[in-house]
Trainee: 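This is the structure I have questions about; it appears just below.
Chain A is the first sequence line, chain B the second, and so forth, proteins listed ahead of strands; every chain is numbered from 1.
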Amino acid sequence: MITLHINGQPRQFPAALKIADLVSELDLLGKRIAVEKNGEIVPKSQHGNVMAVDGDQLEIVVAVGGG
Amino acid sequence: MITLHINGQPRQFPAALKIADLVSELDLLGKRIAVEKNGEIVPKSQHGNVMAVDGDQLEIVVAVGGG
Amino acid sequence: MITLHINGQPRQFPAALKIADLVSELDLLGKRIAVEKNGEIVPKSQHGNVMAVDGDQLEIVVAVGGG
Amino acid sequence: MITLHINGQPRQFPAALKIADLVSELDLLGKRIAVEKNGEIVPKSQHGNVMAVDGDQLEIVVAVGGG
Amino acid sequence: MDPLVIAGKIYSSRLLVGTGKYKDFAETRAAIDAAGAEIVTVAIRRTNIGQDPNQPSLLDALPPSQFTYLPNTAGCYTADDAIRTLRLARELLDGHDLVKLEVLGDPQSLYPNVVETLRAAEVLVKDGFKVMVYTSDDPIIAKQLEDIGCVAVMPLASLIGSGMGILNPWNLQIIIDRLSVPVIVDAGVGTASDAAIAMELGCDAVLMNTAIAGARDPVLMASAMKKAVEAGREAWLAGRIAKKTYQASPSSPTSGLIGS
Amino acid sequence: MDPLVIAGKIYSSRLLVGTGKYKDFAETRAAIDAAGAEIVTVAIRRTNIGQDPNQPSLLDALPPSQFTYLPNTAGCYTADDAIRTLRLARELLDGHDLVKLEVLGDPQSLYPNVVETLRAAEVLVKDGFKVMVYTSDDPIIAKQLEDIGCVAVMPLASLIGSGMGILNPWNLQIIIDRLSVPVIVDAGVGTASDAAIAMELGCDAVLMNTAIAGARDPVLMASAMKKAVEAGREAWLAGRIAKKTYQASPSSPTSGLIGS
Amino acid sequence: MDPLVIAGKIYSSRLLVGTGKYKDFAETRAAIDAAGAEIVTVAIRRTNIGQDPNQPSLLDALPPSQFTYLPNTAGCYTADDAIRTLRLARELLDGHDLVKLEVLGDPQSLYPNVVETLRAAEVLVKDGFKVMVYTSDDPIIAKQLEDIGCVAVMPLASLIGSGMGILNPWNLQIIIDRLSVPVIVDAGVGTASDAAIAMELGCDAVLMNTAIAGARDPVLMASAMKKAVEAGREAWLAGRIAKKTYQASPSSPTSGLIGS
Amino acid sequence: MDPLVIAGKIYSSRLLVGTGKYKDFAETRAAIDAAGAEIVTVAIRRTNIGQDPNQPSLLDALPPSQFTYLPNTAGCYTADDAIRTLRLARELLDGHDLVKLEVLGDPQSLYPNVVETLRAAEVLVKDGFKVMVYTSDDPIIAKQLEDIGCVAVMPLASLIGSGMGILNPWNLQIIIDRLSVPVIVDAGVGTASDAAIAMELGCDAVLMNTAIAGARDPVLMASAMKKAVEAGREAWLAGRIAKKTYQASPSSPTSGLIGS
């Protein structure tokens, strides 16, 4: 069991996983999002390589209406 | 019996009377007032002569705070 | 010889004449104008009848740019 | 011969001298002034000790009208 | 835009313009076209006896068939002069009875003489004229002019030709609130925002001349005024946000911020 | 209208709008179309984990192919948060580097923190962003932001969402006179005339959100704002008449009056 | 301060005050003393027949021997009512003929009815009254009132009791420039700076009531108004600096800076 | 008037004045006496080597025993120059540590450079100075200056020497609401009413120089300013009436009218 902190909320996962898998886990596949891991951007091109491991802080954002 | 209209209100009096007597009747003796009878000023000097008769319209005024 | 006061200026004419003739005299034929004689409007329909006689005050106006 | 830069102007003096002597040299004795030497304040109490030597940058100021 | 109705006639433009002070009739026409104006004011003046009768006239440049003429009484300082002038105008324009009444107080300020204006308005309305009347921003006088039967009341924003804009919006507001006939701001507009402000107050239209004719580029300014009047009208119809002197309110969500 | 150039790209509209506070995306789109805006600001927020992934998104309503997105840093009170937010935005928008930087001083006033703003601007410009920066009307700070390399400087008219209009046109005038990059009034516009006034001062564009989204009829207000911005720009280009505090000037000829 | 002369009589105070709306006569007197006023307005009203004749009266609190009474026609909407009221006032005050004429247009706005005001002024002046007249800021009407023979013309700053201050300083300026009799701003002053601004325009005096009587601390506000009127008068006499919209000018020497 | 407390010291006057731009020291002294000022600003400048040492000095005209000197940093454009200047001032005035810090952005506008101002303030406060700081009307910066430990924050009304008065009362209001140390409006006052308005906003004091020294009659203007500051303070303490944009309220009784 590992814990990821996603958008400020702790979440359990059976094991470390690729960002890409995490994104699909979260039903965000195909959505326009951006991911930051421990303060660093994870480029889309790297979602297939970069692993999210226990204790990682992740920010996953979208564009919303704003002025 | 006569009726005088004083400041818009009808009032009964036993008989015609001098303005001076009317003023004392109304407890206004010695107060700073001015009297108009049927639209004409009645000077203080005339209060002893001018009679108020049945049907007369009288205005009796004082100075009050105003801006 | 008669004198007409046209737009404030005295002008000599051999004899009394119709407003219509006066208008053509003044090269105003066909122009959009209005005529006042001694303070009274002379309708276009009357230009052929109304005479301008010695001493008449005439105003002949046009529309010009204004705000 | 030494050169002191006083209020931005170079000035020759026969030799190094105390600030106190410089002040009297400049006819500023008894006037309300303040002295800075090479960017550091020279307190009045030290005018009798501190020497002005060749190449020193001196600022001597007074209070003037200002808003 | 919602139509403007004056004396029962419908107009799609809420910008009325004067025809004075232009370089030539070509510029006059170009500016009025750019302004999209349907009602144009004209002055009545003596013919220059003896001038070349073939030189072009205003009516050639602005055919009365295409524009609604609004003859004015500019330069009149008494009710009588104004009345005579408008009777000549009606004769000149074949019985056209929609007129702009203005009786001025003095040549320095051109401020309206409201007493003479009331006097002239009464006579002219009785005489069958449809009177659009230039007046001050005095709300009591404005209401009296409506009661007399004027078809539009036209208070000043500021002195004629001054370009000072709207000096007293509060008085205009009272006039707009109280009158039923169209209220048209006339005189004093200097630039586009002045016209927009007038319309945002709830005026029905704006009348101007110098602001356009006196601009460095009159035709472009005419276009600016057209858009400003429409902008102000639409803003008034759309219902602006309230002013909040202090507490600001963010346009973006205040939750979901990163790192929070 | 003469085009607006920001960071080398040409825009025909001088009205930039936010996308917040609308009833729904349909209203958002209708208002933005009515405004004729080409540049739209968006906020960057955390995904709501677990929400229905099929609900429509802003990007469906406003395809990035049709609009120039301007991701902002609304809600950021430090340079670091603003920088992180814009790096996420750039990743989100496939390397899009035109951004709106705003670092706020506090949640009550939303007044900019100019010190943090300067700090963030330096980092972002070095990092290759094209920074359009929200700031106060401080002309010294505005010039420093230009010198740092911001592609547009966007001083406030008044507090965000306040609708108070332009509180200090004099400072804006100094900024406009001194800067070479586009000066865009951002925040505080309440109604159409406010936008016109900003453009008449010589601003290059206006950015707003609440004034449109918060109006009773947002789509109509959007149209009003479009016209007001164009009117103000044209009036500025046309060269307004000078203000004359006193001596009025008649629009009609002063000679040729009847009975004179 | 340079004296104020009205109808040939010299006054050292340029602040005239009303006597209405106070808690009691003690407060009325204290406020008027703090204001340093010499001229006080009073209203004329019917005696309440049958009320206790021994209760104190305004004339006890403000002995006519110590103050110049200015009976007004507040509440009159026709020339006739105003004339009757002032004739009663003259009789009441033993022939005192200095009066304040005001004929109002309606009870909602209390805006002056200038036509009725002109009518009343003519009758009253012929009848020997020294008329100080309340009017609008219409410069033509103001001049007519002077020509009729009024001894002072008193244009409004804004609506009676509104506290809105001076809404149209430009009209007041024209009135001040043109009239020879004292011009006294009457009505609309809300706070001290309003009174100062009126005097800085060149007004001869200011008349107020609500701004003092309605303040949280009327006596302190009366003192503030006294100082504000004197400050404004002195500033006008002293000749203020010109406004410079741009180039600032340092107050300290620009040479002799250290390290330069 | 309620006393003003700066850095624990009590002052009875709320008018601070500069000593520049006067004809001579006699006029300087006469004006400052008329103003009733207790705190006077002075500039620090290089001695003119070789000038007649016997000519009178400012300190003879204004003995430091009778006035609280406030040495300023006028003409300084960097934190370092300002710090050096004030250290010289402290030495010059025998350890006097109450100073006015101003770091300007450029010689054309004299607008404050708030970044350098913050920098200098931190150093000076640490160094034991009691810093009264000139700044813009930026409420975030103003609060930061208080947090640093400045003993008074002095935002501008408008550009130094401009006489434009208070251009943005809203920002000043925010500053006044948020700060605990005295807020003193510094720079931009042009005439008496400007000073009154500043005090009515709730400012603790006003600092000026050009408005007095540049007036046609500086001594009379100094007296006007003294009264205006007191008037504004008293009006603020007395609690002004609310503004009523419309419904007027009569100052005289509405009942008891004759003929009713």
Trainee: Between H:G163, H:G232, H:A196, which has the largest tally of heavy atom pairs under 4.5 Å with chain G?
Mentor: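 Of H:G163, H:G232, H:A196, H:G163 has the most heavy-atom pairs under 4.5 Å with chain G.
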Trainee: Between G:A211, G:P218, G:G190, G:A213, which has the largest tally of heavy atom pairs under 4.5 Å with chain H?
Mentor: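 The candidate making the most pairs under 4.5 Å is G:G190.
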Trainee: What residue pairs, at least two apart or across chains, pass side chain to side chain donor-acceptor pair (under 3.5 Å) with a residue in residues 208-219 of chain H?
Mentor: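 Qualifying pairs, neighbours excluded: G:S251-H:T210, H:K21-H:T210.
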Trainee: Report which part of G:L104 has an atom under 4.5 Å of a heavy atom belonging to chain H: side chain, backbone, both, or neither.
Mentor: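 Neither part.
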Trainee: Of all heavy-atom pairs between G:A192 and H:A231, which one has the smallest distance, and what is that distance?
Mentor: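 Residues G:A192 and H:A231, closest heavy atoms: CB-O, 3.8 Å.
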Trainee: Give me the atom names and distance for the closest heavy-atom approach of H:A235 to G:T191.
Mentor: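 Where H:A235 meets G:T191 most closely, the heavy atoms are CB-OG1, 3.6 Å.
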Trainee: How would you list, in number order, the residues of residues 71-84 of chain H that have a heavy atom less than 4.5 Å from chain G?
Mentor: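 Within residues 71-84 of chain H, near chain G: H:N72, H:A74, H:G75, H:D81, H:R84.
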Trainee: Output all residues satisfying side-chain contact (heavy atoms from CB on, under 4.5 Å) with H:W170, sequence neighbours left out; order by chain, then residue number.
Mentor: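 Partners of H:W170 by the side-chain contact (heavy atoms from CB on, under 4.5 Å) criterion, ordered by chain and then number, come out as E:T245, F:M164, F:L167, H:N168.
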Trainee: Between atom CD of H:E230 and atom OG of G:S223, what is the distance when rounded to the nearest 0.5 Å?
Mentor: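 One gets 8.0 Å once the value is rounded to the nearest 0.5 Å.
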Trainee: Could you pull out all residues at least two apart from G:A187 that satisfy side-chain contact (heavy atoms from CB on, under 4.5 Å)?
Mentor: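 Once residues adjacent in sequence are excluded, the partners of G:A187 under the side-chain contact (heavy atoms from CB on, under 4.5 Å) criterion are G:Y134, G:L156, G:I160.
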Trainee: Side chain, backbone, both or neither: which part of G:A242 has a heavy atom under 4.5 Å from chain H?
Mentor: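 Interface part for G:A242: backbone (N, CA, C, O).
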Trainee: So which heavy atom on H:S193 is nearest to which on G:I197, and how close?
Mentor: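 Closest pair (atom of H:S193, atom of G:I197, distance): CB-CG1, 3.4 Å.
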Trainee: Do you know the tightest heavy-atom contact between G:P253 and H:R45?
Mentor: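 Scanning both residues completely, I find the closest heavy atoms to be O-NH2, 2.6 Å.
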Trainee: Which value, rounded to the nearest 0.5 Å, describes the distance between G:E200 atom CD and H:D194 atom CG?
Mentor: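 If we round to the nearest 0.5 Å, G:E200:CD and H:D194:CG are 7.0 Å apart.
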Trainee: Nearest 0.5 Å, please: how far is NZ in G:K244 from CG in H:L159?
Mentor: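 Nearest 0.5 Å value for the CG-NZ distance: 9.5 Å.
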Trainee: Any chance you could measure G:E234, atom CD, to H:K226, atom NZ, to the nearest 0.5 Å?
Mentor: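 NZ of H:K226 is found 10.5 Å from CD of G:E234.
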Trainee: Counting only heavy atoms closer than 4.5 Å, note whether G:S255 contacts chain H via side chain, backbone, both or neither.
Mentor: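 Just its backbone gets close to chain H.
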Trainee: Look at G:A43, G:G20, G:A215 and state which one has the largest set of heavy-atom pairs under 4.5 Å with chain H.
Mentor: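 Heavy-atom pairs under 4.5 Å are most numerous for G:A215.
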